[in-house]
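Scroll down for the structure; my scribbles are underneath it.
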There are 2 protein chains.
Amino acid sequence: MTATERVYAHIRDQILAGTLRPGARLGEAGIAADLGVSRTPVREALRKLSADGYTDLRPHAGAAVRLWDPAEVRSSFAIRADIEGQAAARTAQTITAGQLAAMEQLCARMEAPGAVAQRSELNRELHQTILRISGLVHAERIAMQLADIALLTLTFHSFSNAQAERSDSDHRMLLMAFRIRDADYAQAVMRTHILTAAAVLDDVSRSRG
Amino acid sequence: MTATERVYAHIRDQILAGTLRPGARLGEAGIAADLGVSRTPVREALRKLSADGYTDLRPHAGAAVRLWDPAEVRSSFAIRADIEGQAAARTAQTITAGQLAAMEQLCARMEAPGAVAQRSELNRELHQTILRISGLVHAERIAMQLADIALLTLTFHSFSNAQAERSDSDHRMLLMAFRIRDADYAQAVMRTHILTAAAVLDDVSRSRG
DNA sequence: GGCGCGATATTTGTATGCAACTGGGGAGGA
DNA sequence: TCCTCCCCAGTTGCATACAAATATCGCGCC
């Protein structure tokens, strides 16, 4: 693993964890000193973070953690609903028995008691699998990027048991749609699945302020 | 303008013009010598080109012009149809008279005789304007990126007069949809507009090879 | 006291040199 | 003859030094 990748992962994780708040300036020299590397890999990491939407980067003015206002996060869900909905439809048409079995295992692991810590990661893997099977090469890159951005706000809210169960149920319906190769149904379920997350997030935000 | 930006633009233009063919290796030292800069800005430009999808980049192995197979290009249109379709719907709901007038000017310039050379650029500007008005912040970045990728293949095909006129007509219908604030109609027109480009491209490819 | 302007200090952008890794070609062995 | 391993050339990755641009702070002016 290169130094650039280490720096990238370090900063991204700090942003996702909330240690680095939106608007925080990211000085090259400071980061370099903290991680014991030179400014060169730090610069490259900052460029990539910017390309991936985590930071803003202005020439001669440096990088800062990007601020995502609620409307922007909301819009990212809307786009994901479109993209992943279409991906689900295509997946329903081309999925193999082996791929289906693998996804059922993923679901089972996610539903296991005590898997709370890994839910997020497993959920990510499930969605990524569907995107990959769909054959929409760009969709995978774009949707996963948007999903990560959404995580920036989701991290601060914990979902209720009922919401987790509903999410698991969505996944099961999705697998059923794949099993019976119903593209329309798969698309509808996926759209609802994602838009539900957006709505819940919105609902919670409003009730809190 | 920084040296990095100059290098980026130079390489991108060469890729778009076809001077640099897919698979061509991009050595840092060679490019640096050609443009009279050091390897540092060249490295940064190559990273950005990779992030934008123009090149492949493997650690310790360098950059090469990315090869887009037809299926991938096709899928990029499918996703753009989703994203820009939704953007058009939202734009129809929020557009102001001033924005509408500006877009009508764009259309007029595009339709002017002798504007062939600028058609591509003006078309890009029109789509970008719609995406920006829609308020779907991510949509603008993603869709424009995908549009540039599509250009990689489109450059080698020239569209017929009939196709250009059809495209102009689509744009006019789009403006009409905005004028009467019909979101559904705007979405349908935009979807058709983009999927038509995909279909034409596909059609031409099949008949040639 | 507020505002504009300019020098300075800090930060980013670029160049250069060295270290580390990759890929290919050749020698040795099966 | 083919496979494997190793060495070396060439390229990329990283560190350091210097140049250029920006933002801040203080001074003078209004």
Side-chain angles (χ1 to χ4, degrees), chain A residues 1-16 19-69 141 145, chain B residues 1-16 19-69 141 145 148 152:
Chain A
M1 172 170 302
T2 67
T4 299
E5 293 174 83
R6 278 200 305 276
V7 174
Y8 175 88
H10 179 78
I11 300 176
R12 186 203 55 199
D13 290 347
Q14 283 210 315
I15 294 176
L16 288 174
T19 312
L20 286 170
R21 290 306 184 88
R25 295 213 50 214
L26 300 170
E28 298 174 359
I31 297 170
D34 287 349
L35 298 182
V37 296
S38 80
R39 276 178 50 219
T40 309
V42 173
R43 280 180 66 80
E44 299 195 346
L46 288 176
R47 300 302 243 257
K48 185 162 172 53
L49 284 162
S50 168
D52 290 348
Y54 291 105
T55 63
D56 278 326
L57 195 60
R58 281 183 318 167
H60 303 287
V65 178
R66 169 141 194 195
L67 171 76
W68 295 101
D69 75 26
R141 202 188 70 217
Q145 220 171 284
Chain B
M1 174 172 301
T2 67
T4 299
E5 292 173 87
R6 278 199 306 276
V7 175
Y8 174 89
H10 179 79
I11 300 177
R12 186 203 56 198
D13 290 347
Q14 282 210 317
I15 294 176
L16 288 174
T19 312
L20 286 170
R21 291 305 183 87
R25 297 215 48 209
L26 299 170
E28 297 174 359
I31 297 170
D34 286 350
L35 298 183
V37 297
S38 79
R39 278 177 48 221
T40 309
V42 174
R43 282 179 64 80
E44 298 196 346
L46 289 177
R47 300 303 244 256
K48 184 161 173 53
L49 284 163
S50 169
D52 290 349
Y54 291 105
T55 63
D56 278 326
L57 195 59
R58 281 183 316 167
H60 302 286
V65 179
R66 168 143 195 194
L67 172 76
W68 292 101
D69 75 27
R141 203 187 70 212
Q145 221 170 284
D148 285 339
L152 294 181

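Naming convention: chains lettered A, B, ... in sequence-line order (proteins, then strands); numbering from 1 in each chain.
- Closest of all the heavy-atom pairs between Leu49(A) and Ile11(A) is CD1-CG2, 3.5 Å.
- Taking 4.5 Å as the limit, some side-chain heavy atom of Glu5(A) sits within range of a side-chain heavy atom of Thr2(A).
- The shortest heavy-atom contact between Gln145(B) and Asp52(B) is CG-O, 4.1 Å.
- In this structure, the side chains of Tyr8(A) and Leu46(A) stay at 4.5 Å or more apart for every pair of heavy atoms.
- Heavy atoms only, all atoms of each residue included: Gly23(A) and Ala64(A) are closest at O-CB, 4.1 Å.
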- Query: Would Arg39(A) and Glu28(A) satisfy side-chain contact (heavy atoms from CB on, under 4.5 Å), going step by step from the backbone distance to the final call?
  - Reply: CA-CA 6 Å; Arg39(A) 276 178 50 219; Glu28(A) 298 174 359; 3.0 Å; yes
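- Contacts of residues 24-40 of chain B with DNA chain C (heavy atom under 4.0 Å): Val37(B), Ser38(B), Arg39(B), Thr40(B).
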Distances for protein N or O near nucleotides 19-21 of chain D N or O, under 3.5 Å:
none

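- Computed from coordinates, the Arg58(B) CZ to dT12(D) P distance equals 11 Å when rounded to whole Å.
- Of all heavy-atom pairs spanning Ala45(A) and Val7(A), the tightest one is CB-CG1, 3.5 Å.
- Distance, Leu46(A) CG to dT11(C) C1': 13 Å, rounded to whole Å.
- Put simply, the side chain of Val42(B) does not reach to within 4.5 Å of the side chain of Thr4(B), judged on heavy atoms.
- Met1(A) places its CE atom 14 Å from the P atom of dC21(C), with the value rounded to the nearest Å.
- Within the nucleic acid shown, Arg6(B) has no heavy atom closer than 4.0 Å to any nucleic acid atom.
- For the pair Arg43(B) and dT12(D), the criterion of a side-chain N or O lying under 4.0 Å from OP1 or OP2 is not met.
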